[in-house]
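Counting convention: from 1, in listed order, for ligands and their atoms alike.
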Amino acid sequence: MSFKVIKFGGSNLQVATDFSRCAEIVSGYEAPCVIVLSAFFKVTDHLKEAAMQASESGDFPRIFIEEFSDACFEQVKVNIDDDLLVDQTGKELQDLLDKLTRLFRGVHSIGELPPTIYDTILSYGERISAVIFNGVLRSKNLESSLCLPEDFGLVTDGEFGAASIRLKESSKKIKGHFTGKQYYVVPGFYGISDEGKTTLLGRGGTDYSAAALAYLLDAESLDVWKDVAGFQTGDPKIVRNPGTIDFLSYNEAAELSYFGARILHPRTVEPLQPKNIPVRIFNINSPSKKPGTVIGPDPGGEFTGPKSITFSRNFSVLKLKGPGVGIKPGVLARVAGIMDSAGVNISSVFTSQTAICFLLQGSDLKKARKAIKVQAPALISDVEAISDIALVALVGEGITRKKGVAAKAFQAVAAENINVEIIAAGASTAAVYFVVKESDCERAVSATHGHFYTECLNQDSYQHSDLTSVVL
Ligand code: ASP
Ligand code: MG
């Protein structure tokens with residue numbers, strides 16, 4: 001029996017009738033299928049705000065709960081005709097809303113938001129979507145049931161907020177579930193630790209849940225529905241006439257997501273790659289049933305130019321200065337150890353004779369700076385934290401093996417009078433990146449994109465403007 005895994009995200013769930021629209025799409029798939037759902041648009045953000053409000057300001061988020069409940073019941077009413085199913089789904093929904101309210105009460109009365117409660121509260125967006133959607137599918141006469149990560153065993157490493165899925169353990173537990181030729185609805189975004197705690201998979205984590213399910217069920221494909229065509233050569237808000245990319249290798253998709261493209265969670269391809277399961281990205285607004293972008297194994301072949309230029313403002317740099325810090329044995333290991341014990345994830349390191357630069361997630365900069373200031377080796381005379389930077393990445397399999405690509409990008413950026421602060425390549429064969437001042441980011445991206453791509457005449461194809469000159 002061969003499964004397809006289908007994922008709908010918040011961008012597919014923006015108005016009440018969207019559940020019916022997604023159900024219509026599901027009915028075009030032959031069972032067995034697993035449908036993995038995100039929370040309704042913005043609901044995760046609102047749950048987060050309400051939880052913070054309850055713990056910090058002493059206000060019980062009564063208005064949020066009321067409005068949220070009304071919106072959920074409206075979705076049931078609008079999408080389900082059958083009275084019995086309205087009743088049944090309404091009861092399941094009310095049960096979840098009651099539990100959520102009790103969680104808010106707990107947080108409100110203790111005035112604290114422990115990570116375990118935070119993760120549980122935020123998982124309610126997905127839990128609620130899944131209950132409603134299961135009712136909607138059944139009302140359209142599709143044989144469907146709800147399957148929860150705690151029931152079929154989507155096991156995580158237990159790290160709150162950003163857990164990893166343990167595929168081996170999960171694959172033992174999943175046996176005996178998903179055995180029917182029917183539809184299964186699964187809430188995304190969370191798994192369960194060994195202790196039975198709800199652990200979130202990081203923001204946007206429903207893609208990662210869906211990928212893990214595709215792996216666990218040896219699915220034929222993972223179909224991700226979006227409200228855009230797929231990956232593009234550049235961000236349409238910044239570059240002129242970006243094209244849609246037909247095909248990306250797993251590495252290319254992972255690098256693009258890591259460096260800022262907001263199409264997929266960066267860990268999505270991880271479970272799929274060992275089994276060569278393709279990801280197909282579909283646009284819910286496009287009547288054609290053709291995927292915009294397909295992601296799969298690298299077919300090999302010559303590098304012919306970067307496939308996409310992406311950027312991120314979420315990175316920061318911590319510069320540790322001191323005579324000889326870059327070459328004195330042991331200094332790098334020591335400071336990396338300090339970062340590690342402070343819970344800071346290092347994205348990249350560059351060293352010189354007199355400085356060590358760490359590329360960090362923007363949200364980790366303060367923590368890292370504090371830890372280093374307290375524990376730094378005597379050799380470090382100055383610590384500089386730079387937060388107003390942006391990282392621009394050029395992605396394409398084999399990019400680091402081709403001479404001159406980076407040089408071309410820098411020429412384009414230099415022509416705009418933009419100073420490149422840091423350049424890096426080599427950690428992956430599919431990405432080259434450079435760091436500029438945040439205020440220069442958009443111009444740098446647009447100049448680089450403009451350099452590598454000519455204007456596209458249609459959304460489905462793009463051409464490199466000067467493939468030959470890419471190779472110096
Ligand atoms: N609802 C979650 C979020 O907003 C997970 C997801 O959308 O994938 O991050
Ligand atoms: Mg999402």
Student: Look at the side chain of N79 and the backbone N and O of S20, then say whether any donor-acceptor pair between them is shorter than 3.5 Å.
Tutor: yes
Student: Please determine which of T198, L97, V43, L96 meets the side chain to side chain contact (heavy atoms under 4.5 Å, CB included) test together with Y124.
Tutor: L96
Student: If the contact criterion is a heavy-atom separation under 4.0 Å, does G205 count as touching ligand 1?
Tutor: yes
Student: Considering the heavy atoms of E126, write down every atom of ligand 1 situated less than 4.0 Å from one of them.
Tutor: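 This gives 1 (N), 2 (C), 5 (C), 6 (C) as the contact atoms.
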Student: For R203, counting its heavy atoms only, list the atoms of ligand 1 lying under 4.0 Å from any of them.
Tutor: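 Matching atoms, with element in brackets: 3 (C), 4 (O), 9 (O).
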Student: I'd like to know if the side chain of D227 reaches the main chain of N12, judged simply by a donor and an acceptor atom lying under 3.5 Å from each other, with no hydrogens or angles considered.
Tutor: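 Not a single qualifying donor-acceptor pair exists.
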Student: Would one find an N or O of G204, backbone or side chain, under 3.5 Å from an N or O of ligand 1?
Tutor: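 There is such a contact, yes.
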Student: Is the side chain of D18 donor-acceptor paired with the backbone N or O of Q14 at a distance under 3.5 Å, no angle test?
Tutor: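 Side chain of D18 to backbone of Q14: a pair is present.
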Student: Y190 ring centre to R127 NZ or CZ under 6.0 Å, with the angle to the axis within 45°?
Tutor: yes
Student: Quick one: which ligand 1 atoms are inside 4.0 Å of a heavy atom on S38?
Tutor: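 Answer, ordered by atom number: 6 (C), 7 (O), 8 (O).
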Student: Side chain, backbone, both or neither: which part of T44 comes within less than 4.0 Å of ligand 1 when only heavy atoms are counted?
Tutor: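 Side chain only.
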Student: Between side-chain atoms of residues 50-67 and protein atoms elsewhere (two or more places apart, or another chain), which donor-acceptor pairs fall under 3.5 Å?
Tutor:
| unit_1 | atom_1 | unit_2 | atom_2 | d |
| --- | --- | --- | --- | --- |
| S55 | OG | A51 | O | 3.3 |
| S55 | OG | M52 | O | 3.2 |
| S57 | OG | Q53 | O | 3.0 |
| S57 | OG | D59 | N | 3.4 |
| R62 | NH1 | E66 | OE2 | 3.3 |

Student: Check each heavy atom of H265 against ligand 1 and say whether those closer than 4.0 Å belong to the side chain, the backbone, both or neither.
Tutor: neither
